[in-house]
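A short worksheet on the structure shown next.
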Amino acid sequence: AVDVVGLTEAQDRVEILRRRIFFEQDPEGFDDAYEGAEDEMSDRIIAARQRYPLVTYTDKDLYTIAALTASFKVDGHRADIVILKTARAQAAYDGRLQISDRDILLAAELALPHRMKKQPFQDSVINPDQLQSTMKQARAEAEEALESEEESTEVDGAAASDEKKV
């Protein structure tokens, strides 16, 4: 579920009015006017669907997503999965084979609002600045977690090689 809100800029709202009037007055002309852009978007989506299975992510990305969802106190793990899948889809749509922080942020903006714990009558909108700040913190936590994991693996590996020497 995504919260749909109206545009707030007058210029954007006027453009919507103009397009609606154009459509009502000349549906075929409207179709012709936007057919090229619609075909381009369709081709881009088809290419993204083919590219999606090739889009990769790192352990740091996984830790970042997990830290981000944990920081917003999201119940369950569905949000983590949705953010990862959406970030991969965004990267594929943009023509890339690796997800980025921007992809994770865009995905989180879509996946988190309705999954967050909130009080009755509280808005389910995430402030983009808050999300950006939390993302930076989550990325830092991810880097720390990976360093700890690597150190733990090195210690375990050293202990295992010591055992082999005996």
Side-chain angles (χ1 to χ4, degrees), residues 1-139 142:
V2 176
D3 293 327
V4 178
V5 295
L7 300 174
T8 57
E9 296 293 322
Q11 183 178 356
D12 295 335
R13 295 176 77 94
V14 168
E15 182 59 27
I16 290 169
L17 286 169
R18 286 182 178 143
R19 288 183 187 197
R20 182 61 194 192
I21 293 165
F22 180 21
F23 173 76
E24 288 174 357
Q25 291 175 346
D26 183 7
E28 289 179 20
F30 181 87
D31 287 346
D32 292 342
Y34 292 100
E35 184 176 21
E38 192 171 312
D39 288 346
E40 281 179 34
M41 185 176 290
S42 293
D43 292 344
R44 193 172 172 190
I45 291 169
I46 291 167
R49 287 177 130 177
Q50 293 169 345
R51 191 177 300 115
Y52 180 86
L54 306 173
V55 175
T56 61
Y57 48 87
T58 65
D59 279 347
K60 187 190 293 187
D61 295 326
L62 297 179
Y63 274 101
T64 299
I65 292 167
L68 190 61
T69 56
S71 70
F72 281 106
K73 297 177 179 44
V74 175
D75 285 333
H77 305 283
R78 185 76 185 137
D80 305 57
I81 294 164
V82 169
I83 290 171
L84 177 61
K85 287 182 175 185
T86 305
R88 289 180 67 211
Q90 182 64 47
Y93 184 74
D94 287 345
R96 291 179 284 105
L97 297 177
Q98 172 70 43
I99 69 170
S100 67
D101 284 354
R102 181 179 172 274
D103 299 323
I104 294 170
L105 275 172
L106 287 170
E109 195 172 343
L110 294 171
L112 289 179
H114 65 282
R115 288 184 167 89
M116 292 171 44
K117 292 180 182 178
K118 56 185 178 270
Q119 300 299 318
F121 308 112
Q122 180 183 359
D123 256 350
S124 62
V125 177
I126 295 179
N127 177 326
D129 293 334
Q130 176 191 14
L131 187 58
Q132 181 80 36
S133 170
T134 306
M135 175 72 177
K136 286 179 185 175
Q137 183 179 346
R139 186 54 101 176

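Index from 1, following the sequence. Worth saying up front: this structure is predicted, and the values here are computed from it rather than measured.
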4.5 Å side-chain heavy-atom contact, Gln98 and Thr58: yes
I'd like to know whether Arg96 forms a side-chain contact (heavy atoms from CB on, under 4.5 Å) with Asp103, so could you lay out the CA-CA distance, the side-chain angles of the two residues, the decisive distance to 0.1 Å, and finally the verdict. CA-CA 11 Å; Arg96 291 179 284 105; Asp103 299 323; 2.7 Å; yes
Q: Taking the side chain as every heavy atom from C-beta outward, state whether Leu112 and Thr69 have any pair of such atoms under 4.5 Å apart.
A: yes
Test the Arg19-Phe30 pair against the cation-pi criterion, namely NZ or CZ under 6.0 angstrom from the six-membered ring centroid and within 45° of the ring axis.
no
>> Main chain of Leu97, side chain of Thr56: is a donor-acceptor contact present, judged purely on distance under 3.5 Å?
In response: yes
Between the OH atom in Tyr57 and the CG atom in Leu84, the distance rounded to the nearest 0.5 Å is 5.5 Å
Could you go through the side-chain contact (heavy atoms from CB on, under 4.5 Å) check for Asp61 and Arg139 one step at a time? CA-CA 8 Å; Asp61 295 326; Arg139 186 54 101 176; 3.0 Å; yes
Quiz prompt | Residues Arg44 and Glu40 bridged, charged N to O under 4.0 Å | solution = no
Tested for side chain to side chain contact (heavy atoms under 4.5 Å, CB included) against Asp80, the lone hit among Leu68, Val74, Ile65 is Ile65
For Glu38, does the CD atom sit with more than 12 other heavy atoms under 6.0 Å from it, leaving out its own atoms? no
Shortest non-hydrogen pair, Ala107 vs Ala87, comes out as CB-N, 3.7 Å
Taken to the nearest 0.5 Å, the spacing of Ile83 CD1 from Leu105 CG works out to 9.5 Å
Main-chain N/O of Glu28 paired to Asp31 side chain as donor or acceptor, under 3.5 Å
no
Could you check whether any side-chain heavy atom of Arg49 comes within less than 4.5 Å of a side-chain heavy atom of Tyr52, counting everything from C-beta outward?
no
Residues Arg51 and Gly95: closest non-hydrogen pair is NH1-CA, 3.3 Å
Can you check whether Gly36's main-chain N or O pairs, donor with acceptor, with Asp39's side chain at less than 3.5 Å? no
**Report entry** Residues, nucleotides or ligands: over 12 heavy atoms within 6.0 Å of Phe22 CZ
**Finding:** yes
**Prompt:** Does any non-hydrogen side-chain atom of Asp94 lie less than 4.5 Å from one of Arg102?
**Reply:** yes
So CG of Leu106 and CD1 of Ile99: to nearest 0.5 Å the spacing works out to 11.5 Å
